[in-house]
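A short write-up of the structure that comes next.
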2 protein chains.
Amino acid sequence: MKKSLTDWPIGIKKTNQRQKVLLILENSDKPLGATEIFSQIADDGDSAWLSTVYRTLDLFVKHGIINKINVMNSEIAIYELNRLNHKHYAVCLNCHKIISMINCPMTEFDPKLEESDFQIMGHNLEIYGLCKDCTSKK
Amino acid sequence: MKKSLTDWPIGIKKTNQRQKVLLILENSDKPLGATEIFSQIADDGDSAWLSTVYRTLDLFVKHGIINKINVMNSEIAIYELNRLNHKHYAVCLNCHKIISMINCPMTEFDPKLEESDFQIMGHNLEIYGLCKDCTSKK
DNA sequence: TTCGGTGCAAACGCTTTGCAAAAGG
DNA sequence: CCTTTTGCAAAGCGTTTGCACCGAA
């Protein structure tokens, strides 16, 4: 199996299935759903059960290696590597295509909350609308 | 039944169940899940099947009366009235409490996308972290 | 009277869980 | 070896769907 670029996190057993999941996320330029990862493993001739993929993803999320994103108007959760420069996405309401955003509004923004003393650990931003193809088709 | 503040949208049949759903959302200061709305109807002594609540919510979303939000690390969708000044929320990763945000970073932000000609129709922002109670308990 | 809405039940799809067998350290 | 992880099956749970009856206009 190809070697993973990320250093293997301490305290996590290095199994074939887990390495494979991490590798797929590293090589993807967009967030992936559990089922996508599952079938990509099968396509590569390897094997890992869907439940294993889910358990692995949960584990990685807990260790902060990857992020879980809940895209609106979609029932599935998608996962992406927690890279240093985090990204946001625009979703097409019609074809559900995901487009990367280059900048992030939160870098110079100070959120005011109704409750004080909230310890902010991160944020999620999602833009929705119609992509080039879907605007022209209508 | 108490009268709803929102003008009833044209082209939608005014049924008891739909008025009830809208009323509950109007009187709520936080987004609600379908099941919450369902049981609140029951608590008030009225009746509407869960599937009816879902169909009503879908209808309202399509008409732009309410918004559907998918909170991260939660499997359920929540709904809120589409008020003029839209809001964002902070979610506690520990107790899942939802706290309102008063300002919005997107008012003076120009997103740069990898694909041009994306027609932006809206956005969703979510902050996550630990609320006051959960920070102190740890 | 007509057509859409609702009650109801059953299906659906993503995700989780329980348990014995397998594998990592 | 001993503990964690995996394969596998089955359940869980929010949500959707199909259909006959009902009710708003």
Side-chain angles (χ1 to χ4, degrees), chain A residues 1 3-4 7-24 31-42 44-63 65-80 96, chain B residues 1 3-4 7-24 31-42 44-63 65-80 96:
Chain A
M1 191 185 298
K3 199 174 169 299
S4 144
D7 284 336
W8 197 260
I10 303 163
I12 297 187
K13 266 194 186 170
K14 201 178 199 168
T15 68
N16 286 329
Q17 294 86 337
R18 289 177 178 174
Q19 289 180 73
K20 192 74 207 181
V21 169
L22 185 57
L23 200 60
I24 288 173
L32 298 174
T35 328
E36 289 176 287
I37 297 172
F38 170 70
S39 48
Q40 203 164 313
I41 293 175
D44 293 355
D46 292 307
S47 133
W49 219 243
L50 231 193
S51 52
T52 303
V53 173
Y54 275 112
R55 282 189 276 226
T56 303
L57 290 171
D58 279 356
L59 184 79
F60 285 171
V61 168
K62 279 200 191 103
H63 284 257
I65 305 162
I66 63 173
N67 291 323
K68 182 179 182 179
I69 310 172
N70 287 78
V71 185
M72 75 176 316
N73 298 326
S74 155
E75 306 313 319
I76 71 159
I78 55 176
Y79 301 83
E80 67 171 351
H96 298 109
Chain B
M1 191 185 298
K3 201 175 168 298
S4 145
D7 284 337
W8 197 260
I10 303 163
I12 296 186
K13 264 196 189 167
K14 200 179 200 167
T15 67
N16 285 329
Q17 293 85 337
R18 290 177 177 175
Q19 289 179 73
K20 193 74 206 179
V21 170
L22 185 56
L23 199 59
I24 288 173
L32 298 174
T35 329
E36 288 176 289
I37 297 172
F38 170 70
S39 48
Q40 202 163 316
I41 293 175
D44 293 354
D46 292 307
S47 134
W49 220 242
L50 230 193
S51 52
T52 304
V53 173
Y54 276 111
R55 283 188 275 227
T56 303
L57 291 171
D58 279 356
L59 184 78
F60 286 170
V61 168
K62 278 196 191 106
H63 280 76
I65 305 163
I66 63 172
N67 291 323
K68 182 178 181 178
I69 310 172
N70 287 80
V71 184
M72 75 176 316
N73 297 325
S74 156
E75 307 312 319
I76 70 158
I78 54 177
Y79 301 82
E80 67 171 351
H96 298 109

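Note: hydrogens, waters and symmetry copies are ignored here, and every other heavy atom, side chains too, is used.
With a 4.5 Å cut-off on side-chain heavy atoms, B:Thr35 and B:Ile76 do not count as touching. Contact check for B:Val21 versus B:Ile66: no side-chain heavy atoms found under the 4.5 Å cut-off. The shortest side-chain heavy-atom distance between B:Thr15 and B:Thr52 does not fall under the 4.5 Å cut-off. Using a 4.5 Å heavy-atom cutoff, the side chains of A:Leu57 and A:Ile37 are in contact.
Residue-level contact check: A:Ser51 touches the bases, meaning some heavy atom is under 4.0 Å from a base atom. Within the 4.0 angstrom heavy-atom criterion, only backbone atoms of the sugar-phosphate kind lie near A:Arg18; the bases stay farther away.
At the phosphate of C:dG5, neither OP1 nor OP2 sits under 4.0 Å from any side-chain N or O atom of B:Thr15. Between A:Tyr54 and C:dT15 there is a side-chain N or O to OP1 or OP2 distance below 4.0 Å.
Between A:Leu50 atom CG and D:dC8 atom P there is a gap of 12 Å when expressed in whole angstrom units. At whole-Å resolution of the value, CZ in B:Phe38 and C1' in C:dT6 are 13 Å apart. Rounded to whole Å, atom C1' of C:dT15 lies 12 Å from atom CD1 of A:Ile76. One interatomic measurement links the two molecules: NZ of A:Lys14 to P of C:dG25, which rounds to 8 Å at whole-angstrom precision. In this structure, B:Gln17 atom CD and C:dG4 atom P are separated by 17 Å, rounded to whole Å. If you take NZ of A:Lys13 and P of C:dA23, they are 12 Å apart, rounded to a whole angstrom. B:Ile37 places its CD1 atom 10 Å from the P atom of D:dT15, with the value rounded to the nearest Å. Atoms CZ (A:Arg55) and C1' (C:dC19) sit 10 Å apart, rounded to a whole Å.
Comparing D:dA9, C:dG24, C:dG7 against the side chain of A:Trp49 picks out D:dA9 as the nearest. Nearest nucleotide to the A:Ala77 side chain, out of D:dA24, C:dT6, C:dT15: C:dT15.
Taking the screw axis at each terminus of the helix from C:dT1-D:dA25 to C:dG25-D:dC1 from five consecutive base pairs, the angle between the two is 40° to within rounding of 10 degrees.
For B:Asn70, the side chain to side chain contact (heavy atoms under 4.5 Å, CB included) partners two or more places apart in sequence, or in a different chain, are A:Asn70, A:Met72, B:Lys68, B:Ala77.
Closest-nucleotide positions on DNA chain C for B:Glu75 and B:Leu59 were compared, and the one nearer the 5' end corresponds to B:Leu59. For the pair A:Thr56 and B:Tyr79, nearest-nucleotide mapping onto DNA chain D gives the more 5' position to A:Thr56. Two residues, A:Gly11 and B:Thr35, neighbour DNA chain D, and the one matched to the more 5' nucleotide by heavy-atom proximity is A:Gly11.
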Stepwise side-chain contact (heavy atoms from CB on, under 4.5 Å) test for A:Asp46 and A:Asn16
CA-CA 9 Å; A:Asp46 292 307; A:Asn16 286 329; over 6 Å; no

Quick one: do B:Arg18 and B:Phe60 satisfy side-chain contact (heavy atoms from CB on, under 4.5 Å)? Show the steps, please.
CA-CA 9 Å; B:Arg18 290 177 177 175; B:Phe60 286 170; 4.2 Å; yes

